[in-house]
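Notes for the one structure printed next.
Read the numbers this way: they start at 1 and go in the same order the structure lists the ligands and their atoms.
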Amino acid sequence: MAATKAPVALITGITGQDGAYLSQFLLGRGYRVIGLLRRSASADVVGERLRWLGVHERVQLVDGNISDLSSLIRVVEAAAPDEVYHLAAQSFVATSWQQPLVTATATGLGVIHLLEAVRIVRPMARFYQASSSEMFGLAAAEPQNESTPFHPRSPYACAKLFGHWMTVNYRESFGMHACSGILFNHESPLRGIEFVTRRITDAVARIHLGLASEVRLGNLDAERDWGHARDYVRAMWLMLQQEIAGDYVVATGRTTSVREFCRLAFAEVGRDWAAHVTSDPARLRPAEVARLRGDARRARQVLGWAPETSLETMVAEMVEADLARHRARLARG
Ligand code: NAP
Ligand code: GDP
């Protein structure tokens with residue numbers, strides 16, 4: 001009897017938070033995982049998240065850049081993927097005001113680069129676009145679902161909106177199986193250090209170990225619907241397993257302020273957040289997204305998806321991981 005061929009997944013942004021968790025998830029389901037790696041002078045450290053999850057040796061990394069169409073055509077041709085997960089982006093909202101053109105190129109145009117590469121070389125492959133709740137921005141309704149109007153509030157959100165509609169457009173124009181996942185904020189011990197949750201849990205660890213005494217944040221009143229990245233990558237995969245492609249909101253339905261996140265994180269080490277956190281006006285953004293809360297009913301009903309990790313469990317996991325990182329650094333001297 002002939003052995004069945006393992007399905008092939010191509011992931012852009014494999015070195016990021018979601019790319020690492022998605023790789024782990026897909027490897028666990030028997031996929032061959034190929035990831036796009038952009039050239040970097042620090043190539044030896046960019047795979048840190050994959051190493052952290054113990055999957056670095058099990059994925060194949062190929063050279064390319066989402067700003068370079070010809071590199072993507074070559075990668076898609078060589079990988080011959082069954083599923084393409086487009087996660088690569090300039091993903092940090094605050095940076096998008098400092099580098100709007102880089103953001104537009106990577107986060108916006110990068111989506112058509114990859115859609116074109118797939119359409120030309122591998123049109124039968126299923127395509128996932130990493131869209132964002134930031135597209136709702138100054139949200140017109142609460143909770144936000146697939147029908148809520150968009151009102152982006154940053155160059156990042158504008159670029160994501162472009163990518164979202166291009167994904168819908170390629171589905172409608174060319175019949176491609178292209179899905180847009182409108183994911184609300186999701187965090188983990190592998191979240192980038194510049195995002196507020198990791199900034200907080202990293203500060204909790206440093207303060208607890210006597211390496212710092214305070215942390216400066218921006219708007220403590222901002223509220224986000226925070227879930228765990230491990231749960232959210234499962235939703236990405238479920239979208240591509242449906243016979244009919246579509247767009248889905250992925251969220252927990254619970255919103256929490258930055259202030260409350262601070263309280264939970266400092267409580268993990270028995271400390272009062274108010275003694276250590278200050279709000280620095282210099283860290284406020286030119287335009288803010290004050291509050292987001294998602295309605296993931298469609299994902300529940302059609303995909304059978306539900307989040308499994310509570311906010312409290314995630315905060316504990318993140319604080320624990322940052323304590324372990326700093327203890328290891330201290331031990332190394
Ligand atoms: P992340 O940790 O910032 O990872 C971004 C990835 O994109 C990294 O692997 C990065 O590579 C890669 N990348 C950036 N520019 C590139 C380029 N020009 N060519 C090739 N690769 C490039 O982001 P994440 O949190 O995993 O998020 C994954 C995706 O979901 C992003 O598109 C993000 O905007 C979107 N999203 C995230 C959230 C969330 O809460 N996490 C919510 C909604 C949507 P390097 O390692 O080389 O920098
Ligand atoms: P975003 O929702 O993708 O922008 O994710 P972030 O984690 O970067 O920000 C979430 C919210 O926290 C936003 O409303 C920020 O304005 C707010 N925030 C408050 N202080 C900080 C800070 O020091 N760093 C970051 N990144 N965000 C902060």
Please report whether ligand 1 has a polar contact with [X], defined as an N or O pair separated by less than 3.5 Å (distance criterion only).
{"X": "Ala130", "value": "no"}
{"X": "Ser91", "value": "yes"}
{"X": "Gly64", "value": "no"}
{"X": "Gln17", "value": "yes"}
{"X": "Arg38", "value": "yes"}
{"X": "Thr15", "value": "yes"}

Between [X] and ligand 2, does any nitrogen or oxygen pair lie at a separation below 3.5 Å?
{"X": "Gly218", "value": "yes"}
{"X": "Arg199", "value": "yes"}
{"X": "Glu194", "value": "yes"}

Is the shortest distance from a Lys or Arg side-chain nitrogen in [X] or [Y] to a carboxylate oxygen in the other one below 4.0 Å?
{"X": "Arg198", "Y": "Asp322", "result": "yes"}
{"X": "Arg254", "Y": "Glu312", "result": "yes"}
{"X": "Arg263", "Y": "Glu268", "result": "no"}
{"X": "Asp247", "Y": "Arg171", "result": "yes"}
{"X": "Glu134", "Y": "Arg224", "result": "yes"}
{"X": "Arg293", "Y": "Glu223", "result": "no"}

Got the closest protein heavy atom to [atom], with its distance?
{"atom": "atom 13 (C) of ligand 2", "value": "Arg224 NH2, 3.4 Å"}
{"atom": "atom 7 (O) of ligand 2", "value": "Val196 N, 2.9 Å"}
{"atom": "atom 37 (C) of ligand 1", "value": "His186 CE1, 3.9 Å"}
{"atom": "atom 26 (O) of ligand 1", "value": "Asp18 N, 2.8 Å"}
{"atom": "atom 5 (O) of ligand 2", "value": "Asn185 ND2, 3.4 Å"}
{"atom": "atom 8 (O) of ligand 2", "value": "Arg285 NH2, 2.8 Å"}
{"atom": "atom 6 (C) of ligand 1", "value": "Gly13 CA, 3.6 Å"}
{"atom": "atom 5 (C) of ligand 1", "value": "Ala89 O, 3.7 Å"}

Ile193, CD1: over 12 other non-hydrogen atoms inside 6.0 angstrom
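Result for CD1/Ile193: enclosed.
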
Please indicate whether Glu57 has more than 12 foreign heavy atoms, meaning atoms of other residues, nucleotides or ligands, lying under 6.0 Å from its CD.
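For Glu57, atom CD is not crowded (no more than 12 foreign heavy atoms under 6.0 Å).
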
Within a distance under 4.0 Å of any heavy atom of [X], pick out the atoms of ligand 1 and give their elements.
{"X": "Arg191", "value": "25 (O), 39 (C), 40 (O), 41 (N)"}
{"X": "Asn65", "value": "17 (C), 18 (N), 19 (N)"}
{"X": "Asn185", "value": "40 (O)"}
{"X": "Leu183", "value": "42 (C), 43 (C)"}
{"X": "Lys160", "value": "31 (C), 32 (O), 33 (C), 34 (O), 35 (C)"}

Ligand-residue contact atoms, ligand 2 with [X], heavy atoms, under 4.0 Å:
{"X": "Phe195", "answer": "5 (O), 6 (P), 7 (O), 8 (O), 26 (N)"}
{"X": "Val258", "answer": "12 (O)"}
{"X": "Phe92", "answer": "8 (O), 26 (N)"}
{"X": "Glu288", "answer": "13 (C), 14 (O), 15 (C), 16 (O)"}
{"X": "Val93", "answer": "3 (O), 4 (O)"}
{"X": "Ala222", "answer": "14 (O)"}
{"X": "Glu134", "answer": "1 (P), 2 (O), 3 (O), 4 (O)"}

Less than 4.0 Å is my threshold; does some heavy atom of [X] fall inside it relative to ligand 1?
{"X": "Tyr156", "value": "yes"}
{"X": "Ser131", "value": "yes"}
{"X": "Leu87", "value": "yes"}

Out of Leu284, Leu220, Asn219, Asp221, indicate the one that has the non-hydrogen atom closest to atom 19 (C) of ligand 2.
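Among Leu284, Leu220, Asn219, Asp221, the closest heavy atom to atom 19 (C) of ligand 2 belongs to Asn219.
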
So which heavy atom on Phe136 is nearest to which on Pro149, and how close?
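Between these two residues, the closest heavy atoms are CD2-O, 3.9 Å.
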
Non-hydrogen atoms of Gln17 and Ser188 that approach each other most closely:
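In this case the closest contact between Gln17 and Ser188 is OE1-OG, 2.9 Å.
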
Tyr156 touching ligand 2 at heavy-atom level, < 4.0 angstrom:
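Distance cut 4.0 Å: Tyr156 fails for ligand 2.
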
Going from CG on Leu220 to CZ on Arg283, what distance comes out if it is rounded to the nearest 0.5 angstrom?
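Taking CG in Leu220 and CZ in Arg283, the distance rounds to 11.0 Å.
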
Centroid separation under 6.0 Å, is that true for the rings of Tyr156 and Phe92?
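Phe92 vs Tyr156: aromatic centres not under 6.0 Å.
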
Applying side chain to side chain contact (heavy atoms under 4.5 Å, CB included), run through Val277 and Glu214 and close with a yes or a no.
CA-CA 6 Å; Val277 178; Glu214 62 150 21; over 6 Å; no

Six-ring centre of Phe266, Arg271 cation under 6.0 angstrom, axis tolerance 45°:
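Arg271 over Phe266 ring: no.
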
Should the pair His186 and Tyr232 be assigned to parallel (<30°), tilted (30 to 60°) or perpendicular (>60°) ring geometry?
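Rings of His186 and Tyr232: tilted, 30 to 60°.
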
